[in-house]
Amino acid sequence: MEAFCGSRFWDPNISVHTNNPDLTPCFQNTILAWIPSIYLWAVLPFYLLYLKHYKRGYIVLSMLSRFKTILGVLLWCVCWADLFFSFHELLQSRTPPPVYFVTPLIVGITMVLATVLVQYERLRGIQSSGVLIIFWFLSVLCAVGPFRSKIIAATAQGQIKDRFRFTTFFSYFALILIELILSCFKENPPFFSPINSDPNPCPELNSGFLSKMTFWWFTRMAILGYKRPLEDKDLWSLNKDDTSSIIVQQLHKEWDKQKDERKQKEDVAYVKTSNHVLNHVGDGPEEAEVLIRDKRQHKEPSFLKALLRTFGPYFLIGSFYKLIQDLLSFVNPQLLSILIGFIKDKDAPSWWGFLIAALMFFSAVLQTIILHQHFQYCFVTGMRLRTGITGMIYRKSLVITNSAKRSSTVGEIVNLMSVDAQRFMDLVTFLNMLWSAPLQICLALYFLWQTLGPSVLAGVAVMILLIPLNAAIAIKTRAFQVEQMRYKDSRIKLMNEILSGIKVLKLYAWEPSFQEKVLEIRKNELRVLKKAAYLNSLSTFAWISAPFLVALTTFAVYVSVDENNILDAEKAFVSLSLFNILRFPLNMLPQVISNLAQTSVSLKRIQQFLSHDELDPNCVETKVVTPGYAITVTNGTFSWAKELKPSLKDINLLVPSGSLVAVVGHVGCGKSSLVSALLGEMEKLEGHVAVKGSVAYVPQQAWIQNATLKDNILFGQQHNEQKYQNVLEACALKTDLEVLPGGDHTEIGEKGINLSGGQRQRVSIARAVFSDADVYLLDDPLSAVDSHVAKHIFDNVIGPEGALKGKTRMLVTHGVTFLPQVDHIVVLVDGKISEMGSYQELLKQNGAFAEFLRNYAPDEDIEEDELTMLEDEEVLLAEDTLSNHTDLADNEPVTNEVRKQFLRQISVISSEGECPKKMSTRRRVCEKKSAEPPQPQKILTDKLIQAETSETGTVKLTVFWQYMKAVGLVTSLVICFLYACQNAAAIGANVWLSDWTNEPVINGTQHNTSMRVGVYAALGLLQGLLVLISSFTLAMGGINAARTLHAALLENKFHTPQSFFDTTPTGRIINRFSKDIYVIDEVIPPTILMFLGTFFTSVSTMLVIISSTPLFAVVIIPLAIIYFFVQRFYVATSRQLKRLESVSRSPIYSHFSETITGASVIRAYGRENSFVCLSDLKVDENQKSYFPSIVSNRWLGVRIELIGNFVVLFAALFAVLGKNSLNAGLVGLSVSYALQVTMSLNWMVRMTSDLESNIVAVERVKEYSETETEIGIVGRTGAGKSSMTLCLFRILEAVKGEIKIDGVRISEIGLHDLRSKITIIPQDPVLFSGTLKMNLDPFNKYSEDEIWKALELSHLKRFVSSKPNTLEYECSEGGENLSVGQRQLVCLARALLRKTRILVLDEATAAIDLETDDLIQMTIRTQFEDCTVLTIAHRLNTIMDYTRVLVLDKGTIAEFDTPSSLIASRGVFYGMAKDAGLA
């Protein structure tokens, strides 16, 4: 080296052992000069690869770029000037050493490279280059040494030796300094980048390198969030790569690849077996085939591979950062050991100490920055994973077969989307620990061996023993979690059904039985939670005590193996800080493994769902159809699932284009199934189906979206005013619109809650008419509307002269009146077509149909029907929909306030159980503006379904207080006390250790070692024990609170008036029972545990440092102030972001469950894509608030850890300054504590914030536990038939006047007593999942014989006894596996069982064919002859022989008399009867 430099390379006397250090010229000219160049050339290949894939358009040449380039060229000139000067000297025959040729050459070429890079980056659209910033920084750093020594040399000699090189060096120094400063500024955004029309783009894309590294670009939002609560409009748009459209598309592509691969393999396997069979003629070929198929069956396509391919590469960048951070984390313990050595060596020059402190600080800062980059990558990957999985599940739910849909309920599928996708998110954060933990453990052990030798093995043994313990805990916890998930699933499923059928529960007074059921499940759930809590406190004990136990055994073994082994400060505290590094990987590893196990369960669930059979899009041919026919079915056999027996057999059907075909038959004979088969919703077992052109479908139970009425009708079609008005006219919706508060802009609640049954059905018909399709499949749409409305709709829409004439229409109907007007009639009996033909033909055939007709058909001619006066009909229609809100409609001068008051009082009636005669009018109207300026009488106040409110501002202390009360005040205090004790024990142990290391060494040994070890052990174990007790007490308190809060919520929800359920989407209530209760069960207790732990650790650290170096107290105050500010900024912003996130999350799930229920309608209209887009939009909205909340954590982390790094810096600095008065033990104690503090400080803020965000769950549960209960709610309501019955049940309370039954005022008896004495057969039959017996008799009051008797009377006996498990027949969710008619009969059976004195029939027979209807009427007349029967009728023929008829008009009584005298008096009733052809 000397030959190369012409002088010595290294001289310790100049550089180290001196108070004024300097470096040799040779070292300066080689190593220091080459470091930046080596760095740049090493990074170059990777960087070029990155730039090749980075496409953001180019950046226009700016002044900044020009300056950088000019300076780069100048730098190159300066370097090569040196080179030429050396040649010049060579010519002068003064031969300079080779280094003066090599170094300028290398540096010059590197400068050219840097200059070219500046331009290349500009062309690739890089706004701020990290690679170059680091390069210029290194150059400046490496030039500072030579800069100082050149000045020192010049001053010492009084003159400058080598003038030329002196000048060039200072020019070089000035230029690189300017380059460094310039490179910190960012360029303008790229030109030609895809036009970003974002009103609020995310500043991350255009921020500079330093801003990205420190997350400075987020500061603007943090400040904004501190000034005022953030709102939606403050959120940035998502980066393109994080949006659903991009992510789901990529994931879908990969998943499809996986499916194709799997398919090919299966096909290969299949082929092989068949060949192999041919050779063995002996065994049946089928057998072999089946065997092989079964073996192959479990090999499903791997969703994991698809995920890895989609998200792997991005995630690996984060892993690379993690690797660097892991290596850096071992630098500080080494520096600590040097620092302690320095403190011991009283002659060491003081600059050593300052250098060590500076290095400690620098290494810590670097670690901070790199760690948070790693986390950012991990969290963004997690977020993308969730987007991808949610999108995949949504898309799948639109194409999944009915049998697959039955195998998992809506609740379970929503759980896949919420819980399982969340699991992935949580796992990804720490997934890198799988390789990083072993690496950290190995490194730590290596350094420990160097410090303490083989004694480390004792510590390792303890660790290895702890691993199975942790693993066992993890496995057990996982088992508990699976069990608890099961309970949770069933509880949510039950709640979902209860909320869907809450009205029925109230009408039958069945709440106690169902409440019992929920509480039973909850009891089991909490039992599992309690077991898990025992385990958790054990694992907390392991987490806190592991490093201590390891340290204890290691030290004990170390000092007892050989008495010459002295435990000095360096060994003790360096080992302790290494043990502390070990703590994290040792505990995270089992946790990550258990998380991995959980996620694998979720992965299986998701994979299974994504692998379900899909509906075959080609099972219905749409292109090629027999000419002249619109629908053809040949030899069709269909079933609802491959394994079930066919519901339709040997169907042969030809429907001519443009004809109107009616499908008739008894309940459950397969009419709806036939429609489903034509839509391709059933499994086609054999045969051929073709439907020509587009299809419009009106299901038997109208499916209404949570959108405006207009949107429901347009259903994504282009708006066309003329056509739209015609459709409204034809479907008799005009009058409804006049009554609806916001006209057609009224927002319809979830499941069409604020429309009556008839209105929903008419909207559903209107949607079909507007869609202008070729083929119309109408599944009994007329049964839900009054007979004269049905006539209007038939005449104006469906019939030969209606809006749809010329289209192909297939109408399932029970109404005999319309049959003479249809072209063809198809008669179904038990899933087969028994006869077909026109009305006349079938009459002539004199088959079953003719018999059926003779009994039901009206006697007189149809012709006369046509002559009904038009005005008459108009009047009837108007009357059909007018509401009794005259006080709203008249323009009397009511003051606004009073009016608002009134609006609030109008109670609500739910959709179910209403007929179109009455408008349900919760006048909380929609905010969307109607087209024309609203007239004064329609006040558009607010939406029917209120947007979910999210609290803003600080969480009130009362919420914490409520939670403390739920935990128990004494318990709370005990917990805090235990924590304080446990930290005192920990400090005691470490102070004792510090004291031990200072024990004087006599004759090469220390005395009292056994006493020292004993006390150390006692203090440590005491700490462990306290940890165990405190974490267990806390867990028990948490479970107690969870029990109390859930019980209160449940109790309240069962006693909340019906109106609450009508205006609150089920999803929102379910959210309280699932998400919020989950938070209270499983999130808040551990958060509190972490918070208390970190809080006490941070306090104890400060105490230790202050007691060893009192000067530190001065620094603590400014640091604490900064800490406090950062914490407040962060907490305010992050809490609001979390709130926005949780509010934007519910719409994803409610839209999802809405989609699942309406999947067949969405498919029939071919609207899948727009629904997918809508779902993506909702997910993106949610991620828009989630992304800043991740970044806010990074932003916080960098800032808080900087404060922690300052703590380290000052602890080390004051130790150096007080070197003479301190002993090594104290310095070791205070600095090793300082090294840990960063973690605690960071987690403390994080936990404060988490606690504030999560305690909101308590607030939300409390809010719903305190809604008013049914006692006597006053409120007026719409007009109409169903309302009267509701008054009898006190679901509506009378405002004035009273209702007496048998002389008892009903407002004075208990709700349950009242409701259990009246029976209703409601309009929408509701069944709960469970056995048929449970549905008839939830309290087990009746004997089996009584139940069979009831079934026989309700004509279900044949159906039930044909099922293998008779009364134990499982009804699926909502009774989906029974036809609507059968469900109605089950409700009749319920009524027969209860046999109360008053029976209310609410349009009970709307969904039933006439024959069954007659049977029911007969049953009622015979079985209930000694009871009072109130019937709300649609079909007048059913009530012609009733004792009295009550005619309602606009909520008042119009007529009340016997049917015969009403007809004689020719009033309103006469008109209706004439319409129905009965008068």
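Note that the numbering runs from 1 along the sequence shown for the chain. Just so it is clear, the structure is predicted and the values come from calculations on it, not from any experiment.
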Q: Check the surroundings of atom NZ in Lys493: do more than 12 heavy atoms from other residues, nucleotides or ligands lie under 6.0 Å from it?
A: no
Practice prompt. Using a cut-off of 6.0 Å, state whether more than 12 heavy atoms not belonging to Glu621 lie near its atom CD.
Written response: yes
Basic-acidic side-chain contact under 4.0 Å: [X], [Y]:
{"X": "Glu1168", "Y": "Arg395", "result": "no"}
{"X": "Arg1145", "Y": "Glu1141", "result": "yes"}
{"X": "Glu412", "Y": "Arg605", "result": "no"}
{"X": "Lys1138", "Y": "Asp1250", "result": "yes"}
{"X": "Glu254", "Y": "Lys257", "result": "yes"}
{"X": "Lys1184", "Y": "Asp1180", "result": "no"}

Indicate whether any N or O donor in one side chain lies under 3.5 Å from an N or O acceptor in the other, for [X] and [Y].
{"X": "Ser237", "Y": "Asn200", "result": "no"}
{"X": "Tyr394", "Y": "Thr1155", "result": "yes"}
{"X": "Asn239", "Y": "Glu204", "result": "yes"}
{"X": "Gln598", "Y": "Arg423", "result": "yes"}
{"X": "Asp489", "Y": "Asn415", "result": "yes"}
{"X": "Glu614", "Y": "Thr401", "result": "no"}

So which heavy atom on [X] is nearest to which on [Y], and how close?
{"X": "Lys396", "Y": "Leu610", "value": "NZ-O, 2.9 Å"}
{"X": "Met213", "Y": "Val1198", "value": "O-CG2, 4.4 Å"}
{"X": "Asp420", "Y": "Leu416", "value": "OD2-CD2, 3.1 Å"}
{"X": "Cys202", "Y": "Phe1187", "value": "SG-CE2, 3.9 Å"}
{"X": "Gly716", "Y": "Arg1167", "value": "CA-NH2, 3.1 Å"}
{"X": "Cys378", "Y": "Val428", "value": "O-CG1, 3.2 Å"}

If I take atom [atom1] from residue [X] and atom [atom2] from residue [Y], how far apart are they, to the nearest 0.5 angstrom?
{"X": "Lys322", "Y": "Phe375", "atom1": "NZ", "atom2": "CZ", "answer": "6.5 Å"}
{"X": "Ile400", "Y": "Ile413", "atom1": "CD1", "atom2": "CD1", "answer": "5.0 Å"}
{"X": "Ile492", "Y": "Asn1071", "atom1": "CD1", "atom2": "CG", "answer": "9.5 Å"}
{"X": "Lys405", "Y": "Ile1156", "atom1": "NZ", "atom2": "CD1", "answer": "7.0 Å"}
{"X": "Thr1087", "Y": "Asn1254", "atom1": "OG1", "atom2": "CG", "answer": "5.0 Å"}
{"X": "Asp616", "Y": "Met682", "atom1": "CG", "atom2": "CE", "answer": "14.5 Å"}

Exercise for review: Please work out whether the ring planes of Tyr47 and Tyr50 are parallel, tilted or perpendicular, with thresholds of 30° and 60°.
Suggested key: parallel
Determine the interplanar angle of the Trp703 and Phe1171 rings, folded into 0 to 90°, and report it as parallel if under 30°, tilted if 30 to 60°, perpendicular if over 60°. tilted
Verdict with reasoning, Phe215 to Gln373, per side chain to side chain contact (heavy atoms under 4.5 Å, CB included): CA-CA 9 Å; Phe215 297 94; Gln373 285 302 317; 3.8 Å; yes
Please examine the side chains of [Y] and [X], heavy atoms only from C-beta on, and report whether any two atoms are closer than 4.5 Å.
{"X": "Phe379", "Y": "Asn1193", "value": "no"}
{"X": "Leu431", "Y": "Leu596", "value": "yes"}
{"X": "Ser1150", "Y": "Asn706", "value": "no"}
{"X": "Arg1068", "Y": "Ser1146", "value": "no"}
{"X": "Tyr1149", "Y": "Ser1074", "value": "no"}
{"X": "Tyr321", "Y": "Leu371", "value": "no"}
{"X": "Gln127", "Y": "Pro189", "value": "yes"}
{"X": "Arg1163", "Y": "Leu615", "value": "yes"}

Main-chain N/O of [Y] paired with [X] side-chain donor or acceptor, under 3.5 Å:
{"X": "Arg124", "Y": "Tyr58", "result": "no"}
{"X": "Asp234", "Y": "Glu231", "result": "yes"}
{"X": "Lys1178", "Y": "Pro1147", "result": "no"}
{"X": "Ser436", "Y": "Met433", "result": "no"}
{"X": "Gln607", "Y": "Phe303", "result": "yes"}
{"X": "Asn402", "Y": "Ala641", "result": "no"}
{"X": "Ser211", "Y": "Trp217", "result": "yes"}
{"X": "Glu121", "Y": "Ser129", "result": "no"}

> Between Phe715 and Tyr1165, is the ring centre distance below 6.0 Å?
Replying inline: yes
Chi angles and distances behind the side chain to side chain contact (heavy atoms under 4.5 Å, CB included) call for Ser319, Trp435: CA-CA 9 Å; Ser319 309; Trp435 58 264; 3.9 Å; yes
request  = Starting from the C-alpha separation in whole Å, work towards a yes-or-no answer on side chain to side chain contact (heavy atoms under 4.5 Å, CB included) for Val620 and Leu679.
outcome  = CA-CA 7 Å; Val620 174; Leu679 287 170; over 6 Å; no
Query raised in the report: Think Arg491 forms a cation-pi with Phe1073, using NZ or CZ under 6.0 Å from the six-ring centre and within 45 degrees of its axis?
Result: no
> Between Arg384 and Tyr314, is NZ or CZ placed under 6.0 angstrom from the six-membered ring centre and within 45° of the ring axis?
Replying inline: yes
- Item | Phe209 and Lys212: CA distance, side-chain angles, deciding distance, side chain to side chain contact (heavy atoms under 4.5 Å, CB included) verdict | CA-CA 5 Å; Phe209 171 73; Lys212 278 195 177 116; 5.6 Å; no
